[in-house]
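As the structure is a computational prediction, the values presented were derived from the model and not from experiment. Counting from 1, the numbers follow the sequence of the chain as shown.
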Amino acid sequence: MELRTLRFFVAVAEEQSFTRAADRLSVAQPAVSHQIRSLEKELGEALFERSPRIVRLTEAGRVLLPLASQTLADADRVTAEFASRTALVTGTLLLGTVDGVQHTRLPALLGAFHRRYPGVTVQLVEGRSAGLISRVENGELDAAVVALPEHPLPQGMRSVVMLEDEIVAVVLADSALAGRTSIPIELLSGKTLISYGQDSGLRPWLKSAFDAAGIDFATRYATNDAALHVALVEAGIGVSLTVGTDRALADNPRVSAVPVTPSLTYRKALIWRGTPQPTRPLRALLALGPAAP
């Protein structure tokens, strides 16, 4: 059993299509089919249920998938380790970042990366989630940390969650809402809302939460500057919906940050393209295990 064969199997399992797997691996579709048939023959069991529209894993395939994924991850770690020992990991890692990335595991991950691969230059590119996702998709960036959108990422894009956070309602400390343990989202109906702009990855996600509650998400003041969110609340303008970990909320006695019910949680994730093969610096970064706590 070869690593190449396992990569073909994982690609078909994740894409649920021999054709899409071939595109992802940049090989001809018959080559993928041949590798899978050889693997099934070697293991003595069918790994996929094939139909004209979709390919599904059999019970044997579901058993194999986590084992194959772990084997490939271990092999990538070995490759990255020995590339480091022979000083082969050099060059530049182009990494997009959104606001608040300092609260994710990225700084600690980059610290470990720098100690292991001091020859790599890391260029951090700031932006909004939608734009960064597009730049990763078209190859301008190697990877990015973004707020995961409500809709699925583009086909073939991989991700690993780096932070789970929450949007809170920011109100004046002496307001009636400040004394609550949480604010039902319905109570925000008709309030003057202060929140993020149209280019923020959080905007469509917040709108969906309000739509689900049957409330119009009409922000009267829109800005991606959380410090300005707080200043507008302090000026008595309204209620802001702001990321709970933002430093603008820390130790500010004039405002109170109150959770919203249902909880407005969201995720920030490191995203990258699965194909073509990531650059050597990115493979080295991923091999350090960004999913680990």
Side-chain angles (χ1 to χ4, degrees), residues 92-118 120-136 140-150 153 157-170 194-206 222-234 240-260 263-272 278 281-282 284-293:
T92 300
L93 177 64
L94 297 174
L95 186 60
T97 60
V98 292
D99 291 342
V101 73
Q102 68 272 18
H103 299 296
T104 73
R105 291 197 299 273
L106 183 65
L109 178 63
L110 289 179
F113 182 76
H114 175 71
R115 290 187 291 274
R116 183 75 65 88
Y117 307 108
V120 176
T121 298
V122 179
Q123 183 175 338
L124 300 174
V125 180
E126 296 180 357
R128 304 299 177 199
S129 294
L132 292 176
I133 291 171
S134 294
R135 295 182 71 179
V136 172
E140 291 181 51
L141 297 173
D142 296 315
V145 175
V146 300
L148 284 179
E150 182 185 19
L153 290 168
M157 193 168 287
R158 311 300 176 78
S159 67
V160 59
V161 174
M162 303 290 282
L163 172 74
E164 292 197 7
D165 205 345
E166 182 178 16
I167 299 290
V168 295
V170 182
I194 305 157
S195 199
Y196 297 95
Q198 295 287 352
D199 59 343
S200 170
L202 296 176
R203 177 86 180 203
W205 178 82
L206 278 169
T223 173
N224 295 323
D225 185 343
L228 184 53
H229 283 199
V230 175
L232 294 174
V233 172
E234 290 178 343
S240 83
L241 293 168
T242 305
V243 173
T245 54
D246 199 282
R247 68 169 66 92
L249 298 176
D251 301 321
N252 188 334
R254 296 181 295 277
V255 299
S256 177
V258 185
V260 176
S263 179
L264 299 179
T265 56
Y266 72 96
R267 298 175 296 165
K268 286 182 178 176
L270 178 70
I271 64 168
W272 69 95
L282 178 55
L285 180 74
L286 296 174
L288 289 177

Item to check | K268 and L106: CA distance, side-chain angles, deciding distance, side-chain contact (heavy atoms from CB on, under 4.5 Å) verdict | outcome: CA-CA 10 Å; K268 286 182 178 176; L106 183 65; over 6 Å; no

Next on the checklist: The test is side-chain contact (heavy atoms from CB on, under 4.5 Å); show your working for T97 and L132 and say whether it passes.
Outcome noted: CA-CA 8 Å; T97 60; L132 292 176; 5.6 Å; no

Next on the checklist: Between T242 and V233, is the side-chain contact (heavy atoms from CB on, under 4.5 Å) condition met? List the steps.
Outcome noted: CA-CA 11 Å; T242 305; V233 172; over 6 Å; no

Next on the checklist: Using side-chain contact (heavy atoms from CB on, under 4.5 Å), reason through W205 and L148 one step at a time and then give a plain yes or no.
Outcome noted: CA-CA 9 Å; W205 178 82; L148 284 179; over 6 Å; no

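Each of V170, V168, L232 was evaluated against S240; a single residue qualifies, V170, per the side-chain contact (heavy atoms from CB on, under 4.5 Å) test. Tested against L270 for a side-chain contact (heavy atoms from CB on, under 4.5 Å), the candidates L163, V101, V161, L286 yield a single pass: L286.
A269 approaches S159 most closely through the heavy-atom pair CB-CB, 4.3 Å. G197 and A222 make their closest contact through CA-CB, 4.0 Å (heavy atoms, listed as atom of the first residue, atom of the second, distance). The two residues V243 and Y196 come nearest to each other via the heavy atoms N-OH, 2.9 Å. Of all non-hydrogen atoms in A143 and V136, the two that sit nearest each other are C-CG2, 3.7 Å. Contact record, E234 with V255: CG-CG1, 3.7 Å, taken as the closest heavy-atom pair. Taking each heavy atom of H103 and T245 in turn, the nearest pair found is NE2-O, 2.8 Å.
Of the inter-residue distances, the one linking L93 atom CG with F113 atom CZ reads 5.5 Å to the nearest 0.5 angstrom. N224 CG to H229 NE2: the interatomic distance, rounded to the nearest 0.5 Å, is 6.5 Å. Rounded to the nearest 0.5 angstrom, R203 CZ and L241 CG are separated by 10.5 Å. Atom CG of L141 and atom CG of L282 lie 11.0 Å apart (nearest 0.5 Å). Distance check, rounded to the nearest 0.5 Å: CG of L153 to CH2 of W272 gives 10.5 Å. Note: D142 CG to I271 CD1 = 12.0 Å, rounded to the nearest 0.5 Å.
Under the salt bridge (Lys or Arg N to Asp or Glu O under 4.0 Å) criterion, the residue pairs touching residues 121-131 are D99-R128, R128-D199, with sequence neighbours excluded.
With hydrogens and angles disregarded, no donor-acceptor distance shorter than 3.5 Å links the side chain of T104 to the backbone of G100.
Residues passing the side chain to side chain donor-acceptor pair (under 3.5 Å) test with R158 are E14, sequence neighbours excluded.
The side-chain heavy atoms of R135 and L94, taken from C-beta on, include no pair separated by under 4.5 Å. The closest side-chain heavy-atom distance from L264 to L206 is below 4.5 Å.
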